[in-house]
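A short worksheet on the structure shown next.
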Amino acid sequence: MFRLTLVDLAFFLVVSPIVHAQSRFTVGTASASPGEKSAGALEVPAGVDASTSIPIVVVSGAKPGKVLALVSGAHGTEYVSIIAIEKLIAALDPAQVTGTVSPSNNKSPTSIPSTIKA
């Protein structure tokens with residue numbers, strides 16, 4: 001069953017707009033101009049749940065284009081998507097990207113069991 005949480009909603013409202021004219025692209029504290037890669041966090045204030053900080057990366061391609069948001073880690077015990085996003089972040093070269101890619105390798109940091117070091 002799919003359940004939309006406050007974190008999901010906040011993430012997609014901030015990340016999902018399509019950018020027509022490429023300029024500096026910012027998500028949370030990650031901000032990149034064309035041809036740059038930047039890491040930061042998306043701070044989600046307390047609401048029904050406690051506040052949290054979601055790691056985020058912005059890869060702003062050298063050529064203008066659309067925005068792609070990638071999210072992993074919805075369920076803390078499902079590590080494959082987290083590892084895949086980590087590998088993608090390392091491999092993305094802004095000089096080779098058209099548009100903007102904004103991956104988050106763990107949208108739910110509190111869901112990872114405390115015995116696991118992420």
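Quantities reported herein were computed from a predicted structural model and do not represent experimental measurements.
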Heavy-atom check, side chain of Ile82 versus side chain of Val80, under 4.5 Å: no
Which side-chain N or O atoms in residues 37-46 pair as donor and acceptor under 3.5 Å with protein atoms at least two apart or in another chain?
residue: Lys37; atom: NZ; partner: Ile89; partner atom: O; Å: 2.6
residue: Lys37; atom: NZ; partner: Leu92; partner atom: O; Å: 2.8
residue: Ser38; atom: OG; partner: Ser31; partner atom: N; Å: 3.3
residue: Ser38; atom: OG; partner: Ser31; partner atom: O; Å: 3.3
residue: Glu43; atom: OE2; partner: Ser53; partner atom: OG; Å: 3.0

Sequence neighbours excluded, every pair satisfying salt bridge (Lys or Arg N to Asp or Glu O under 4.0 Å) that has a member inside residues 87-98: none
Pairwise side-chain contact, Val58 with Thr100, heavy-atom cut-off 4.5 Å (strictly under): yes
By salt bridge (Lys or Arg N to Asp or Glu O under 4.0 Å) - contacts of Glu36 (at least two apart): Arg24
Sole residue of Val27, Thr26, Thr29 in side chain to side chain contact (heavy atoms under 4.5 Å, CB included) with Ile56: Val27
Heavy-atom closest pair, residues Pro94 and Ser60: CB-O, 3.7 Å
Heavy-atom closest contact (Pro64 atom, Thr98 atom, distance): O-CG2, 3.3 Å
